[in-house]
Structure formats: C-alpha cells, structure tokens
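Some notes on the structure that comes next.
Residues: numbered from 1 along the sequence shown.
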Amino acid sequence: MYSVMKKVAFGSLMSLSSLSYAESIWQTIETEHFNVHYTQGHKRWAESAAHELELVRDKVLEQQNRSLEAKADVVVFDPYHGANGFAIPSTDQPLMALFTTPPQSDTVISNSSGWQQLLILHEYIHLVHLSQPNRSTWRQTLRDVWDPYDIALAIMPRWVAEGYATLMESKMTGRGRLFDNYTEALLTEFARQGALLPYSALNNGNDSYLSGSMAYLIGVRYLAWLEKKLWRANFRCRLDAYAGSGVS
C-alpha cells in the first residue's frame, strides 16, 4: 500500500525547504532495509548515511532483539541549515528525515563522535520504538488500512518518546546527552535556581531558556533513573505496552 500519509509527509518535507530545493532532482540509494532519497548536493552524505543506517539497524537488533518489519524511507536534505531530523512512525511505511548540518560545539547535542551516527541512531530508535505492531489484532488491522490511525496510535508524550531515544543513543554510543557534562551542569544550575520546568511544560516548553530541549534532557534522566529502579526487560516492556496503547 502506497501511503497517502507518506505523500503528505513528503510534501511537508519539501515545504520546509526553498522552491528551488523542492524542484531538485531526487535520487535514491536502495539498501536491504532502507530507501535513502537525496539530491545531488548531498550524494556523499547520503551514501555514508546508507552505510550507517544498516550498521545502526544491526546494532539495535543485537541490543534489543527487534527491528523495523517494513523497509523505511529516509530523506536526506538540509532545509534550514540547522542540526535536526525527525521520524514518522508507521507499521508499514516508516519514514525518517535527516538534516545534514551538524550541531555547533556549544549546543546540547554536540557530545557525540559524529553527528550522522547520533542522528541516525536517535531517529531509528524512534521508529523501532513507536512502529511496533499492536498486540490487539483488530487495532493492528485498522492500522494496516488507515494511515492516520496508524500514526496516531504511535503518539505518546514527547518527553517519553524523546527521553527514550536519547537514553538509547547515549547507552549505545557512550556519548550523547545523558553523559554530557555541559548538560549536567546546566540542569544542576537550573535546579539550584528553582528554574526546572514543571511537568505541564515538559512536552512543549514554556518560552524560557532551552525549554524546548527539556523533553530530551530531563526525559532521558528520568527514564535512566526509572530503568535503574526496574529490571531492564521490565522497563522496556512497560514502555512498549505504553507505546502501543494509543495513550498520549
């Protein structure tokens, strides 16, 4: 099934970039588990990403004993010269976007051995975590035939989804935002000043300094603490059950 939602999502990707970008000629690198779409100016980055995607898939499969069941589409571009990316979870048409601009050295995402590896690992974890088939037969049947429902059922609070992907990115690389001294010092100072976000603002921030990053920075630390309190397998089972419940 060629997803209508995929067409809408891809159109949204193009709207983020300039008209000339949208009119560029797109090419595709096919690997065993991914279709990597790119324009000529990002050929080398896309080739490297295609290789890294398969490495990340193998690493996640080894660590978690699970992977995407469907072949994923990956869009490589650079819409606004900012370090970012995103994933759209779907059980039959997973999609991720990778922005090629690396982070600046004074940002909270700079603690990595390489931007591409960190980005791909983070977004792939999102897809693996949120695109798992539902345990309910009738819910999964509906997901297979109705794309808006498929994506809606994968939605969970942003701080949980981002916190978990950040936890895995940190544990699997030994770097990342959980082990970043700059972030740790920043949060410690926020706590001393009583300036940590309230729970009600954790998902989307409240216009205060770096509030939009707190879903990652606080979310990962809470989930790391929670994992220590629970057996690791039990921790992941609870998150998976939550992800498949449709609760947001």
>> Applying salt bridge (charged side-chain N to carboxylate O under 4.0 Å, His left out) as the test, list every pair that has at least one member in residues 172-188; sequence neighbours left out.
In response: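 As it turns out, the salt bridge (charged side-chain N to carboxylate O under 4.0 Å, His left out) pairs with a partner in residues 172-188, which skip direct neighbours, are E169-R177, E184-R221.
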Rounded at 0.5 Å granularity, tell me how far [atom1] in [X] sits from [atom2] in [Y].
X: T166; Y: L178; atom1: OG1; atom2: CG; value: 9.0 Å
X: S213; Y: L186; atom1: OG; atom2: CG; value: 9.0 Å
X: Y124; Y: S67; atom1: OH; atom2: OG; value: 5.0 Å
X: L196; Y: T188; atom1: CG; atom2: OG1; value: 9.0 Å
X: L130; Y: Y164; atom1: CG; atom2: OH; value: 10.0 Å
X: F190; Y: L197; atom1: CZ; atom2: CG; value: 8.0 Å

If you look at every heavy atom in [X] and [Y], which pair is closest and at what distance?
X: A70; Y: D92; result: CB-O, 3.5 Å
X: L202; Y: A215; result: O-CB, 3.5 Å
X: A83; Y: P102; result: CB-C, 3.8 Å
X: A161; Y: H126; result: O-CE1, 3.2 Å

Main chain of [Y], side chain of [X]: is a donor-acceptor contact present, judged purely on distance under 3.5 Å?
X: W115; Y: P103; value: no
X: N206; Y: A201; value: no
X: T107; Y: Q104; value: yes
X: K71; Y: T31; value: yes

Heavy-atom distance under 4.5 Å between the side chains of [X] and [Y], does that happen here?
X: M168; Y: Q63; result: yes
X: Y222; Y: V160; result: no
X: H33; Y: L68; result: no
X: V74; Y: L98; result: yes
X: L53; Y: M96; result: yes
X: L223; Y: W225; result: no
X: T39; Y: I25; result: no
X: L95; Y: S90; result: no

>> For E32, give me all partners under side chain to side chain contact (heavy atoms under 4.5 Å, CB included), at least two apart in sequence or on another chain.
In response: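 E32 satisfies side chain to side chain contact (heavy atoms under 4.5 Å, CB included) with E54 only.
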> Who passes side chain to side chain contact (heavy atoms under 4.5 Å, CB included) against Q116, sequence neighbours left out?
Replying inline: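 Testing Q116 for side chain to side chain contact (heavy atoms under 4.5 Å, CB included), a comparison that skips the adjacent residues, returns W45, S48, A49, E52, I120.
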>> Test salt bridge (charged side-chain N to carboxylate O under 4.0 Å, His left out) on R57 and E62; report intermediate values, then the result.
In response: CA-CA 9 Å; R57 180 190 179 276; E62 179 182 1; over 6 Å; no
>> If you apply the rule side chain to side chain contact (heavy atoms under 4.5 Å, CB included), what do you find for V75 with W26, and how did you get there?
In response: CA-CA 10 Å; V75 180; W26 287 83; 3.8 Å; yes
> Are L167 and L61 in one and the same hydrophobic cluster, where Ile, Leu, Val, Met, Phe, Trp and Tyr link if side-chain heavy atoms are under 4.5 Å apart?
Replying inline: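 No.
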> Going only through I, L, V, M, F, W and Y residues with side-chain contacts under 4.5 Å, is there a path from L55 to I29?
Replying inline: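 In one cluster: no.
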> Distance only, no hydrogens: is a donor on one side chain within 3.5 Å (strictly under) of an acceptor on the other, for H42 and D78?
Replying inline: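 No donor-acceptor contact under 3.5 Å links the two side chains.
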> For the residue pair F77 and F99, is the inter-centroid distance of their aromatic rings smaller than 6.0 Å?
Replying inline: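 Distance test on ring centres: under 6.0 Å, yes.
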>> Run R44 and Y38 through side chain to side chain contact (heavy atoms under 4.5 Å, CB included) and show every step you take.
In response: CA-CA 10 Å; R44 289 187 178 181; Y38 67 97; over 6 Å; no
> Could you go step by step and tell me if T28 and D73 meet the side chain to side chain contact (heavy atoms under 4.5 Å, CB included) rule?
Replying inline: CA-CA 10 Å; T28 300; D73 283 303; over 6 Å; no
> Which of parallel (below 30°), tilted (30 to 60°) and perpendicular (above 60°) describes Y199 and W159?
Replying inline: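 Plane angle over 60°, so perpendicular.
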> Could you walk me through whether E189 and R192 pass the salt bridge (charged side-chain N to carboxylate O under 4.0 Å, His left out) check?
Replying inline: CA-CA 5 Å; E189 186 59 29; R192 287 173 179 168; 3.8 Å; yes
>> side chain to side chain contact (heavy atoms under 4.5 Å, CB included), that's the test. Do I88 and Q93 meet it? Break it down for me.
In response: CA-CA 9 Å; I88 300 178; Q93 294 284 342; over 6 Å; no
